[in-house]
Amino acid sequence: MKLLQINVTANSGSTGKIAEAIGQLAISRGWESWIAYGRGTPQSESRLIRIGNDWDMRWHGVETRLFDNHGLASRHTTRKFIQQIKGINPDIIHLHNIHGYFINYPLLFQSLREWGSPIVWTWHDIWPMTGHCAFFGKDQCDKWKTGCHECKRKTVYPGSLLNNRSSRNYEDKRRAFSSLDNMTIVMVSEWLNEMKKDSFLKDIPGTVIHNGIDLDVFSPESTPSKEKEYVLAVANVWTKEKGWDDLVSLRKILSDDIDIIMLGLNDKQMANLPEGIRGLRRTQNINELRSLYSNAIAFINPTWGDNFPTTNIEAMACGTPVITYRTGGSPEAIDSNTGIVVEQGDVQGLKKAIETIRTSSDRFTPELCRGRAEKYFNQDDRFEEYFELYEKIINKD
């Protein structure tokens, strides 16, 4: 059997790591595995196909900024990639994030319709069903239910500086994405599954498969740190919608004997941190990350726009309870013994949650956190569900 996955990255970022793990599982089953990607310099056990190049991605970005036509550039590189798909002739194609300045989705879906074999599409955000947004953030909106127009988030990724093409983008996506009768959509959260029911793709078959992580990589640190108590917050890119302002406000009211550590900052952000927040740049050192997770009082995730963040389950796998806003599917990772859900923007609620966890060591134990991660979020179990799905839809045909 031949599996081809398509994602903006191959083995970096949460979606790239998921694609890589699924590819590794395919290879272990005796399948041939390809991953097609848009950017980065990945190492992979799968065979890799770079779609386009850096210049093409930059030009795609220019078109997006000027015309708000994200996903409609990269015409030449997409046609070339379609020929590569025909050369591979995969038994199943698994789409992940197809936004990110690297592929032309109408051309891709026209080719998939002509190809006719099974398609699985994992949604990692809301971009497939909106005229613009990948995440809602602080601007909650219902326009996607009936047809987007005059998007007030047009400058947010994938940002447009001039045009507001959200209504036409919505129709272009509806026309392309509804054109397949051989596609199954996978949502990584129950929240997104409920959203899909109100979208223009509500009639496309779908299922929920939560993200999983490598529990051998993320595990409790065996030698606890003796440094000052702290709560940990992690983001690939820190913005207001990831909770930057909320953490700054939290610092003002949190006890002085508790540090806040923010991981993933850039140089400018490092220089502008208030006293009492310790900043760290993004790390690729898994031992450092595991130690930071393991030794925190709690992992705090004040995100305003997320689907099912893997950082929550990484923290739990390291034995650390999670405090998260009631945002998207983020609360789905935890239960009453492994974390606390706080309403969006309730900074006092974040403070209270930290104090509750700090004084309730008999309730939010490392064993309970680790146990929940093992029961529900072991990547071997979660990604096995993909192969059950593959076999089901292949045998159906």
Side-chain angles (χ1 to χ4, degrees), residues 13-14 17-18 21 210-236 238 242-243 247 250-251 254-255 257-265 276-303 306 308-324 330-342 350-351 353-382:
S14 59
K17 291 174 182 176
I18 290 168
H210 282 124
N211 293 334
I213 60 169
D214 188 335
L215 295 177
D216 293 329
V217 171
F218 293 99
S219 59
E221 183 73 39
S222 58
T223 54
S225 169
K226 298 185 183 301
E227 61 182 88
K228 183 178 178 181
E229 287 188 313
Y230 64 89
V231 293
L232 176 68
V234 177
N236 282 330
W238 276 105
K242 282 296 185 181
L247 291 172
L250 175 64
R251 176 66 279 168
L254 189 64
S255 173
D257 61 349
I258 301 176
D259 270 348
I260 298 175
I261 296 180
M262 294 177 66
L263 176 65
L265 301 178
I277 297 183
R278 181 147 53 101
L280 298 172
R281 294 173 178 81
R282 188 185 306 180
T283 181
Q284 300 297 325
N285 185 328
I286 194 62
N287 293 324
E288 179 184 8
L289 181 57
R290 181 170 56 234
S291 179
L292 286 168
Y293 276 135
S294 298
N295 295 304
I297 299 171
F299 176 71
I300 182 169
N301 191 356
T303 177
D306 249 312
F308 189 81
T310 55
T311 49
N312 290 356
I313 54 180
E314 290 171 357
M316 279 199 306
C318 293
T320 300
V322 174
I323 300 168
T324 178
S330 190
E332 294 176 28
I334 62 177
D335 62 14
S336 60
N337 292 313
T338 58
I340 297 175
V341 179
V342 176
L350 296 177
K351 174 179 179 287
I354 293 169
E355 293 170 346
T356 298
I357 288 175
R358 192 186 192 193
T359 58
S360 306
S361 57
D362 58 332
R363 175 180 165 192
F364 301 96
T365 66
E367 292 76 18
L368 287 172
C369 293
R370 175 69 182 183
R372 183 169 175 81
E374 290 177 340
K375 183 175 182 180
Y376 294 107
F377 306 118
N378 184 335
Q379 70 175 19
D380 294 339
D381 298 333
R382 297 289 68 76

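Note that CD1 of Ile277 is 4.5 Å distant from CD1 of Ile260, once rounded to the nearest 0.5 Å. Separating the OG1 atom in Thr303 from the CG atom in Asn301 is a distance of 5.5 Å, to the nearest 0.5 Å. In this structure, OH on Tyr376 lies 7.5 Å from CG on Asp335, to the nearest 0.5 angstrom. Considering OG1 of Thr324 and CD of Glu332, their distance stands at 11.0 Å, rounded to 0.5 Å. If you take CG on Leu289 and OG1 on Thr283, they are separated by 7.0 Å, rounding to the nearest 0.5 Å. The distance from the CG atom of Asp380 to the CG atom of Asp216 is 8.0 Å, given to the nearest 0.5 Å.
A salt bridge links Asp257 and Arg358; the closest N-O separation between the charged side-chain nitrogens and carboxylate oxygens is under 4.0 Å. In this structure, Asp306 pairs ionically with Lys242, as a charged nitrogen and a carboxylate oxygen lie closer than 4.0 Å.
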Determine, stepwise, if the pair Thr320 / Leu232 fulfils side chain to side chain contact (heavy atoms under 4.5 Å, CB included). CA-CA 10 Å; Thr320 300; Leu232 176 68; over 6 Å; no

Residue pair Ile354, Leu250: steps toward the side chain to side chain contact (heavy atoms under 4.5 Å, CB included) verdict: CA-CA 11 Å; Ile354 293 169; Leu250 175 64; 3.9 Å; yes

Assess the residue pair Ser336 and Arg363 against the criterion (side chain to side chain contact (heavy atoms under 4.5 Å, CB included)); give the C-alpha distance rounded to whole Å, side-chain angles, the decisive distance to 0.1 Å, and a yes or no. CA-CA 9 Å; Ser336 60; Arg363 175 180 165 192; 4.2 Å; yes

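When atom types are taken as modelled, the side chain of Arg290 and the backbone of Val217 share a donor-acceptor pair closer than 3.5 angstrom. A donor-acceptor pair is defined here as one N or O able to donate and one able to accept, closer than 3.5 Å; such a pair exists between the side chain of Arg372 and the backbone of Ala333. Judged by distance alone, with hydrogens and angles left aside, the side-chain atoms of Ser255 form no donor-acceptor pair with the main-chain N or O of Ile258 at under 3.5 Å. Formation of a donor-acceptor pair under 3.5 Å by the Trp238 side chain with backbone atoms of Gly243 is not found in this model. Counting only distance, with no hydrogens or angles, the side chain of Tyr293 and the backbone of Ala317 share no donor-acceptor pair below 3.5 Å. Side-chain N or O atoms of Asn211 include one that pairs as donor or acceptor with a backbone N or O of Phe308 at under 3.5 Å. Of the possible donor and acceptor atoms, none in the side chain of Arg282 sits under 3.5 Å from a partner among the backbone N and O of Ala235. Judged by distance alone, the side chain of Thr359 and the main-chain N or O of Glu355 form a donor-acceptor pair under 3.5 Å. Judged purely by atom type and a 3.5 angstrom limit, Asn312 uses its side chain to pair as donor or acceptor with the backbone of Ser330. With Ser291 contributing its side chain and Glu288 its backbone, the two residues share no donor-acceptor pair below 3.5 Å.
The two atoms that bring Gln379 and Gly212 nearest to each other are CB-C, 3.7 Å, heavy atoms only. Of all heavy-atom pairs spanning Leu350 and Val342, the tightest one is N-CG1, 4.0 Å. Between Ile357 and Ala298, the shortest heavy-atom distance links the atoms CD1-CB, 4.1 Å. In plain terms, the two heavy atoms of Arg370 and Leu215 that are nearest each other are NH2-O, 3.1 Å.
His210 and Phe377 have perpendicular rings, their planes meeting at more than 60° on a 0 to 90° scale where under 30° would count as parallel.
Within the 4.5 Å cutoff, the side chain of Ile213 has no heavy atoms near those of the Lys17 side chain. Under the 4.5 Å side-chain criterion, counting only non-hydrogen atoms from C-beta, Ile340 is in contact with Phe364.
With sequence neighbours left out, Phe218 forms a ring-ring contact (aromatic ring centres under 6.0 Å, His included) with no residue at all.
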